[in-house]
Structures are given as C-alpha cells and as structure tokens.
Amino acid sequence: MALKVGLLGLGTVGTGVAKILLDAKGRHPLLSSLELGKVGVRSHPKPRAIDLPDALFTIDLNTIVTDPNIDIVVEVMGGLEPARTLILQAIDQGKHVVTANKAVISRYGEEIYEAATAAGVYVMIEAAVGGGIPVIAPLKQALSVNRIQAVMGIVNGTTNYILTRMQDEGGDFENILTDAQQLGYAEADPTADVDGLDAADKIAILAALAFGGRIDREAVYCEGIRNVSAADISYAEKLGFVIKLLAIAKLPTADNSADNIQVRVHPTLVPTGHPLASVNGVNNAVLVEGDPIGQVMFYGPGAGEGPTASAVVSDLLSIAASLSTGQNPNPLLACNHDHTISVMPNAEVVTRLYVRLLVKDTSGVIGKLGTCFGNHDVSLESIVQISVQNNEVELVVVTHAVQEGAFQKALAEIRQFPEVTDVPSLLHVL
Ligand code: NAP
Ligand code: HSE
C-alpha cells in the first residue's frame with residue numbers, strides 16, 4: 001500500500017522533493033510506494049515552479065499533521081515556529097517525520113527525539129547538514145563502528161560561495177550575497193548564513209551524532225564572515241592559505257573521552273594543500289577522523305533544490321524500506337542520546353591564530369610585540385611586515401598552537417601599546 005507524504009512547504013526544497021516523487025521512473029523501485037498526499041504553503045494560489053493539482057494544497061498546515069491518511073510528514077518550511085510545533089504534532093499523531101530544518105533540530109532535537117521514541121516513529125534529518133551529501137546516514141551507520149576523534153568541514157554553501165568568489169574575483173560581499181540568494185542557496189534571512197549561525201546549527205548536529213551525546217547549541221562558539229576582508233584573503237594567499245568558514249568539533253585529546261569537546265565555527269586560514277582548501281563555490285565537505293578508519297571526507301553540493309531534495313527523499317526511502325520489512329524501530333535509523341556532552345570554553349581551546357596589526361614605524365616595536373606574546377606563553381610562528389605607508393607599518397603575526405585565552409590576554413595588552421594604532425583582523429589558523 002502507498003505511503004502518503006504530507007509536504008509542509010513548497011519552496012526551494014519542497015519543489016525539488018515534489019519533482020522527485022512525481023517522477024520516480026529510473027530511480028529506486030521503492031519510490032513508487034510514496035505518494036504526495038498534501039502540500040501546505042503560506043499563500044495559495046500563487047505562481048509556483050511546479051504545477052500541482054489544486055486539490056493537494058492547503059494553507060492550514062494543521063490539517064496535514066492531523067490527517068489520518070498521511071503517513072510521513074516532510075517539514076521543509078524552515079524557521080523555528082510553527083515548524084517545531086507541527087513536527088511535534090505530527091509525531092503525536094504517530095507520523096514519521098523528515099526534516100531539513102537544522103535550526104529546529106539543533107535547538108529542539110532532545111524534545112523531538114524523545115517524543116519520537118515514545119511514539120515509535122522515525123525522525124530523519126539527512127538534508128539538515130551538507131545539502132545533498134550523505135553524511136548523517138554514514139555517521140549513524142557505516143562510521144558508527146569507529147571512535148570518532150574529529151568532525152569538521154565546510155557546511156554552509158552560501159558563505160563558501162561568497163568566500164570563493166571574493167577569493168577568485170576580489171568581488172564585493174553584498175553583490176555576491178545577492179547572487180547566492182537568487183540561486184536559492186542563502187536562507188530568506190541571510191543572517192543565519194553570513195553570521196555562522198547555520199553552520200553552528202549543523203556542527204551541533206554532527207557533533208551529537210559523532211560523539212554520541214547532546215550538544216547545547218548555545219555553547220557553540222560562532223563567528224561569521226562579515227569581517228573577512230579582501231586584504232586578509234590576499235595576505236592569507238601570500239602566506240599559503242585560503243580563508244574558509246570552518247565548523248569544527250573535536251575531542252580535546254586522542255584518549256577518546258568524549259567530553260569537554262571543542263565545537264566551533266569561525267573563518268579559518270586553511271593551508272592550500274589541505275583537502276578542505278579546494279572545496280569551492282556552493283560545495284560542502286565534511287572530514288571525519290576516527291579510529292580505526294583514519295580520515296574520510298564527504299564532498300558535494302551543500303545546498304540548492306535538487307541536492308537537498310535528494311537528501312530528503314533518501315530519508316523517505318529509508319523509512320519506506322524499514323516499514324516494508326516490518327522490523328521497527330530500526331536502530332540504525334534512530335538518533336537517541338541520553339546525556340549532554342560538555343563543550344570546552346573558548347579560552348581553553350588550543351589553536352593557531354593570525355592577527356593583523358597596524359603599528360607606528362618606530363624602532364623596537366616588533367621586539368616589544370614578541371616579548372608581550374612570550375610573556376603569555378604565546379609562541380610565534382612568523383611575523384611578516386606587509387607594507388609601510390605614512391609612517392605606519394602593517395604586520396601579520398601567525399602563532400603556533402597556543403591557548404586562546406592566553407593569546408587574548410596578550411592581545412589586550414598589545415592593543416594598549418602607544419605604537420599600536422589598530423588591530424583590523426584576528427582569524428584562526430588550521
Ligand atoms: P523556502 O524556499 O523559503 O520555502 C519555504 C516554504 O515553506 C514555502 O513554500 C512557504 O510557503 C512555506 N512556509 C514557510 N512558512 C510557512 C508558514 N508559516 N505556514 C505555511 N507555509 C509556510 O525555504 P527552503 O529554501 O526550501 O528551505 C526549507 C528548509 O530546508 C529550511 O529549514 C532550510 O534551512 C532547509 N534547507 C534549505 C536548503 C536550500 O538549499 N534552500 C538546503 C538545506 C536545508 P509559500 O511558498 O506560500 O511562501
Ligand atoms: N543556506 C544554507 C547554505 C542551505 O547556504 O548552506 C543549506 O543548508
């Protein structure tokens with residue numbers, strides 16, 4: 001018997017999902033067991049990218065999540081509310097849920113998964129991280145036999161698209177952002193992309209799966225790309241780096257005690273030879289490091305209609321497959337954590353840093369900076385004098401791996417030096 005799908009949202013992702021469901025030929029045979037039952041939108045009628053029978057539409061989304069004929073609810077409307085409430089209502093009505101909504105899952109995952117376990121239904125989230133790249137299923141299944149030490153990557157297509165074009169063309173941030181929105185990559189409110197919030201949602205989800213515990217979303221350190229300047233992109237290039245917005249979740253040591261982990265998002269100087277350095281445009285990549293597998297990288301289109309719909313429908317297929325065997329719940333599809341993992345305070349994180357300073361062109365200033373960093377146990381890898389203009393010198397300092405708190409204390413002192421006129425940028429280095 002066909003499984004009826006109720007679609008909440010027919011925007012970029014919802015349209016892609018409907019297209020696949022309505023054109024199953026040449027895809028997995030189980031797709032023919034899925035039938036589009038209802039479509040919920042905010043405004044109807046309105047011109048749409050797909051032509052669907054009028055009878056499928058409703059603007060009352062409650063009628064979808066409470067409809068006894070709907071078996072699986074696909075939430076691709078976005079936002080926190082009413083998405084969270086509709087997901088919970090669907091679960092309460094015994095429906096399986098597929099969602100692409102990382103904002104809801106990273107904040108309300110605990111509530112949602114507890115409700116799903118109690119109701120005996122699946123909540124699937126492949127599209128919430130990495131767009132079309134299969135990364136959630138591998139973490140739950142193939143990689144789960146490993147002890148994971150780190151999961152890191154480029155998980156926001158919009159910012160990677162913007163940084164790549166800034167790198168390639170030296171283009172203007174605002175114009176490139178407009179292009180990203182027109183291409184359907186950026187969220188309706190691009191703040192979540194540009195300020196790193198979307199990447200922080202995603203790394204919280206990946207870290208929970210990789211390390212087997214809940215992550216407090218509010219504890220994730222998050223810095224976006226608004227302050228990444230053309231100057232830093234160009235200096236980084238000269239030093240052998242590209243700048244990427246990285247999301248990082250890492251154990252503090254290799255002893256595999258999954259507690260006090262680093263979970264962070266920030267623009268990062270990535271050495272040009274690193275696998276993540278060549279991930280460009282809207283593509284995403286997630287690098288997983290585990291024992292015994294070593295390093296494995298997932299790469300592909302991180303946003304957009306087709307790729308994201310592919311991930312959503314793969315979840316529908318997994319549910320259909322499990323239901324067809326009658327052996328439920330399938331533990332490899334589940335996602336239950338019974339404890340919260342503590343996140344390391346920023347000051348304790350050990351990392352390399354890049355800082356650009358403007359100083360007066362006077363003798364002894366470089367020595368003074370070196371002494372101050374040394375007094376705080378901040379070991380320097382290089383100090384490069386970039387330019388001299390109007391009696392002012394531009395310096396770029398790159399540290400070895402140092403404690404971030406110690407570095408910040410040194411920098412606070414340095415900012416007070418009469419020779420230091422400005423500190424235009426501070427970035428992390430991988
Ligand atoms: P979108 O293009 O803005 O589409 C949202 C859809 O939901 C629209 O059809 C809209 O109806 C409907 N909707 C929104 N709020 C509603 C409400 N309160 N009541 C009824 N209908 C409502 O969004 P999207 O880009 O497809 O993204 C959907 C979800 O997928 C988000 O959680 C997003 O983070 C996630 N995601 C997106 C991508 C991507 O590349 N776009 C990739 C991965 C994950 P109308 O059409 O009537 O306005
Ligand atoms: N706005 C998101 C991005 C969509 O640019 O990556 C995919 O989650």
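Start at 1 and go down the list; that is how both ligands and their atoms are numbered.
Contacts between His44 and ligand 1 below 4.0 angstrom, taking non-hydrogen atoms only, are absent altogether. Looking at Thr308 against ligand 1, only its side chain comes within 4.0 Å, counting heavy atoms. Looking at Thr158 against ligand 2, both its backbone and its side chain come within 4.0 Å, counting heavy atoms. The part of Leu61 lying near ligand 1 is the side chain, judged by heavy-atom distances below 4.0 Å. Under 4.0 angstrom from ligand 1, the non-hydrogen atoms of Ala127 all belong to its backbone.
For ligand 1, the atoms closer than 4.0 angstrom to any heavy atom of Pro82 are 18 (N). Set against the non-hydrogen atoms of Ala303, the atoms of ligand 1 under 4.0 Å away are 40 (O). Of all atoms in ligand 1, numbered sequentially from 1 with element shown, those under 4.0 Å from a heavy atom of Leu10 are 6 (C), 8 (C), 9 (O). Below 4.0 Å from some heavy atom of Gly9 lie the following atoms of ligand 1, by number and element: 6 (C), 7 (O), 9 (O), 12 (C). Of all atoms in ligand 2, listed by their number and element, those nearer than 4.0 Å to a heavy atom of Asn156 are 2 (C), 3 (C), 5 (O), 6 (O). Using a 4.0 Å cut-off to heavy atoms of Gly302, the atoms of ligand 2 that qualify are 7 (C). Those atoms of ligand 2 that come under 4.0 Å of a heavy atom in Lys102, given as number and element, are 4 (C), 7 (C), 8 (O). Remark: ligand 2 atoms within the under-4.0 Å shell around heavy atoms of Ala303 are 4 (C), 7 (C). Counting the atoms of ligand 2 from 1 in the order shown, those under 4.0 Å from a heavy atom of Asp193 are 1 (N), 2 (C), 3 (C), 5 (O).
For atom 32 (O) of ligand 1, the nearest non-hydrogen atom of the protein is Gly78 CA, 3.2 Å. The protein heavy-atom contact nearest to atom 35 (C) of ligand 1 is Ala100 O, 3.4 Å. Nearest protein neighbour of atom 2 (C) of ligand 2, counting heavy atoms only, is Glu187 OE2, 3.3 Å. Counting protein heavy atoms only, atom 21 (N) of ligand 1 is closest to Arg42 N, 3.0 Å. When only non-hydrogen protein atoms are considered, atom 41 (N) of ligand 1 lies nearest to Gly184 O, 3.3 Å. Counting protein heavy atoms only, atom 48 (O) of ligand 1 is closest to Lys46 NZ, 3.2 Å. Protein heavy atom at the shortest distance from atom 28 (C) of ligand 1 is Val76 O, 3.3 Å. Given atom 44 (C) of ligand 1, the protein heavy atom at minimum distance is Lys102 NZ, 3.3 Å. In this structure, atom 16 (C) of ligand 1 lies nearest to the protein heavy atom Met77 CE, 3.5 Å. The protein atom (non-hydrogen) at minimum distance from atom 6 (O) of ligand 2 is Gly157 N, 2.7 Å.
Residues Val97 and Val121 have side chains not in contact (no heavy-atom distance under 4.5 Å, counting atoms from C-beta outward). Under the 4.5 Å side-chain criterion, counting only non-hydrogen atoms from C-beta, Arg356 is not in contact with Asp422.
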**OP:** Could you give me the CA-CA distance, side-chain angles and deciding distance for Tyr122 and Asp315, then say whether side chain to side chain contact (heavy atoms under 4.5 Å, CB included) is met?
**Re:** CA-CA 10 Å; Tyr122 295 114; Asp315 279 345; over 6 Å; no

**OP:** Applying side chain to side chain contact (heavy atoms under 4.5 Å, CB included), run through Ile87 and Lys95 and close with a yes or a no.
**Re:** CA-CA 9 Å; Ile87 288 172; Lys95 300 182 194 317; over 6 Å; no

**OP:** Please assess Thr12 against Thr308 for the test side chain to side chain contact (heavy atoms under 4.5 Å, CB included), listing each intermediate value before the final yes or no.
**Re:** CA-CA 9 Å; Thr12 302; Thr308 313; over 6 Å; no

**OP:** Could you walk me through whether Leu206 and Val155 pass the side chain to side chain contact (heavy atoms under 4.5 Å, CB included) test, one step at a time?
**Re:** CA-CA 10 Å; Leu206 290 178; Val155 291; 4.3 Å; yes

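With hydrogens and angles ignored, the 3.5 Å screen pairs a side-chain donor or acceptor of Asn146 with a backbone N or O of Ile293.
Close N/O approach between Gly14 and ligand 1 is not found [any backbone or side-chain N/O within under 3.5 Å]. Here's the thing with Gly11: one of its N/O atoms is less than 3.5 angstrom from an N/O atom of ligand 1. Checked by distance only, ligand 1 and Thr12 come closer than 3.5 Å through their nitrogen or oxygen atoms. Of the N or O atoms in Gly304, one or more lie within a sub-3.5 Å distance of an N or O in ligand 1.
Atom-to-atom distance recorded for Asn227:CG and Ser425:OG is 9.0 Å, nearest 0.5 angstrom. Atom CD1 of Ile125 and atom CD1 of Ile136 lie 4.5 Å apart (nearest 0.5 Å). If you take OG1 on Thr399 and CD on Glu404, they are separated by 9.5 Å, rounding to the nearest 0.5 Å. Taken to the nearest 0.5 Å, the CG atom of Leu177 stands 11.0 Å off from the CZ atom of Arg165. Interatomic distance, Ile154 CD1 to Lys202 NZ, rounded to the nearest 0.5 Å: 12.0 Å. The NE2 atom of His96 sits 6.5 Å away from the CD1 atom of Ile319 when rounded to the nearest 0.5 Å.
Checked by atom type, the side-chain pair Gln93/Thr66 shows no donor-acceptor distance below 3.5 Å. Checked by atom type, the side-chain pair Asp232/Ser229 shows a donor-acceptor distance below 3.5 Å. Side chains of Asn156 and Thr159: a donor-acceptor N/O pair is present below 3.5 angstrom, by distance only.
Residue Glu305 places no heavy atom under 4.0 Å from ligand 1. Residue Gly131 places every heavy atom at 4.0 Å or more from ligand 1. Heavy atoms of Arg48 come nearer than 4.0 angstrom to ligand 1 in at least one pair. Under the 4.0 angstrom criterion for non-hydrogen atoms, Ser43 is in contact with ligand 1.
For Asp67 and Lys4, the salt-bridge test fails: no basic side-chain N is under 4.0 Å from an acidic carboxylate O.
For atom 23 (O) of ligand 1, the nearest protein heavy atom is 4.0 Å or more away. Inside a 4.0 Å radius of atom 46 (O) of ligand 1 there is at least one protein heavy atom.
Two rings, from Phe241 and Tyr235, have their centers 6.0 Å or more apart.
When each of Asp198, Asp193, Asp201 is tested with Lys102 by the rule salt bridge (charged side-chain N to carboxylate O under 4.0 Å, His left out), just one qualifies, namely Asp198.
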